[in-house]
Engineer: 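My questions will all concern the structure given below.
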Amino acid sequence: MGFLAGKRALIVGVATDRSIAWGIAQAMQREGAELAFSYANDRLKERVEPLAASVGSRLTMPLDVTSDEQIDAAFAQLQREWGHLDALVHAVAYAPREALTGGFVDSTSREASRIAHDVSSYSLTALARASRPLMQDRAGALLTLTYLGAIRSIPNYNVMGLAKASLEANVRFLAADLGPLGIRVNGISAGPVKTLAAAGITGFRRMLNRVAEVAPLRRNVTLENVGNAAAFLCSDLAAGITGEILYVDSGFSTVGMSFPAEAED
Ligand code: NAP
């Protein structure tokens with residue numbers, strides 16, 4: 001029996017079979033969770049429904065996280081179909097493409113900043129509020145995805161770094177507020193993974209190469225690496241962990257200096 005047997009989870013953020021949310025869904029399904037999936041728009045519905053079916057999920061729903069009406073409708077559907085929720089995975093981020101290239105000062109407009117924070121950080125608060133009545137007294141778990149750009153400057157990541165810093169603060173404030181109800185809130189700071197969202201960041205390939213060159217494990221993380229850590233954090237095995245950011249990044253964030261082999265003298 002898997003360590004998520006009997007748990008019901010909503011996965012928000014599957015776009016393709018390379019999405020981090022899909023890696024998480026596969027690990028959670030393997031460990032026995034029953035899954036529901038949301039899709040951001042009709043274009044993604046056609047991609048998400050077959051993926052959901054492949055892991056035995058019958059429950060899919062539209063959910064643009066910038067729409068309070070769609071959030072209300074999605075959670076009303078969960079209430080009707082399941083009556084409760086044990087875990088929610090928030091794997092959603094967006095900033096206008098022009099904000100993810102070039103110098104930070106020139107590419108960070110007020111509008112790009114508003115959009116990035118709304119989609120990538122505020123949405124976690126909104127989904128936590130909607131989850132609360134379904135998770136109360138059930139040892140519920142909320143999990144989000146963040147990146148090193150929250151705490152270090154990264155070329156071209158720009159306003160998304162600010163949004164991720166906000167998201168990580170969001171994890172701590174939500175953990176404090178919802179902890180007394182038995183609901184845990186955590187984040188995974190994943191190393192770079194080649195996905196649709198990542199393709200929007202100028203120079204993303206160089207980020208992958210850099211990690212493979214200097215991270216202690218000398219390789220990039222896989223969807224399975226992130227998925228397994230996420231399944232653990234959403235399970236009762238992590239019952240004592242909340243308000244935490246867990247790095248799943250081949251150790252890259254821990255390195256102060258590294259001399260790649262070819263540069264050794
Ligand atoms: P992805 O496959 O492109 O997933 C991003 C998802 O966010 C997509 O399903 C996207 O839908 C969705 N989304 C965007 N705006 C939305 C909205 N308004 N409402 C609902 N959904 C919306 O990329 P990913 O890399 O797996 O990203 C998942 C999470 O991991 C993000 O928070 C990302 O920042 C984080 N992360 C990624 C990496 C990496 O290197 N890939 C590293 C660390 C953290 P659309 O396709 O329709 O926009």
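Atoms within each ligand, like the ligands themselves, are counted from 1 in listed order.
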Engineer: Is atom CD of E224 surrounded by more than 12 heavy atoms (other residues, nucleotides or ligands) closer than 6.0 Å?
Structural biologist: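 Atom CD in E224 is not crowded, with 12 or fewer foreign heavy atoms closer than 6.0 Å.
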Engineer: Give me the nearest non-hydrogen protein atom to atom 37 (C) of ligand 1 as residue plus atom name, then the distance to 0.1 Å.
Structural biologist: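 Closest protein heavy atom to atom 37 (C) of ligand 1: I20 CD1, 3.5 Å.
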Engineer: Please report whether ligand 1 has a polar contact with S19, defined as an N or O pair separated by less than 3.5 Å (distance criterion only).
Structural biologist: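 For ligand 1, there is an N or O atom that lies under 3.5 Å from one belonging to S19.
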Engineer: According to the side chain to side chain donor-acceptor pair (under 3.5 Å) rule, which pairs have a member within residues 147-158, sequence neighbours left out?
Structural biologist: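 As it turns out, the side chain to side chain donor-acceptor pair (under 3.5 Å) pairs with a partner in residues 147-158, which skip direct neighbours, are S107-N158.
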Engineer: Taking atom 34 (O) of ligand 1 as the point of reference, which of M207, M160, K164 owns the nearest heavy atom?
Structural biologist: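 Considering heavy atoms of M207, M160, K164, the nearest to atom 34 (O) of ligand 1 sits in K164.
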Engineer: Looking at non-hydrogen atoms alone, which of S120, G23, A91, G200 comes nearest to atom 5 (C) of ligand 1?
Structural biologist: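 Looking at heavy atoms only, the winner is A91.
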Engineer: Return the minimal non-hydrogen interatomic distance between L100 and A95, and the atom names on each side.
Structural biologist: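 Looking at all heavy atoms of both residues, the closest pair is CD1-O, 4.0 Å.
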Engineer: For V14, state whether at least one heavy atom is located under 4.0 Å from any atom of ligand 1.
Structural biologist: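 Yes, that is the case, since the closest heavy atom of the residue is under 4.0 Å from the ligand.
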Engineer: List every atom of ligand 1 that sits less than 4.0 Å from any heavy atom of F204, numbering the atoms from 1 in the order shown and giving each element.
Structural biologist: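 With F204 as reference, the close atoms of ligand 1 come out as 40 (O).
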Engineer: With nothing but distance in play, are any N or O atoms of G13 less than 3.5 Å from an N or O of ligand 1?
Structural biologist: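 Looking only at distances, the answer is yes, because the N/O contact criterion of under 3.5 Å is met.
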Engineer: With atom 7 (O) of ligand 1 as the reference point, say which of D64, I71, L127, V92 has the nearest heavy atom.
Structural biologist: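 Looking at heavy atoms only, the winner is V92.
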Engineer: What atoms of ligand 1 come within less than 4.0 Å of a heavy atom belonging to V193?
Structural biologist: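 Those of ligand 1 that fall under 4.0 Å from V193 are 39 (C), 40 (O), 41 (N).
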Engineer: From atom 35 (C) of ligand 1, work out which of L145, N220, V226 has a heavy atom at the shortest distance.
Structural biologist: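 Result: the heavy atom closest to atom 35 (C) of ligand 1 is in L145.
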Engineer: Using a 3.5 Å cut-off on N or O atoms only, is T195 in polar contact with ligand 1?
Structural biologist: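 Right, the criterion is met.
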Engineer: Can you pull out the closest protein heavy atom to atom 8 (C) of ligand 1? Residue, atom name and distance to 0.1 Å, please.
Structural biologist: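 In this structure, atom 8 (C) of ligand 1 has A15 CB, 3.7 Å as its nearest protein heavy atom.
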Engineer: Can a protein heavy atom be found under 4.0 Å away from atom 48 (O) of ligand 1?
Structural biologist: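 No; the ligand atom in question lacks any protein heavy-atom contact below 4.0 Å.
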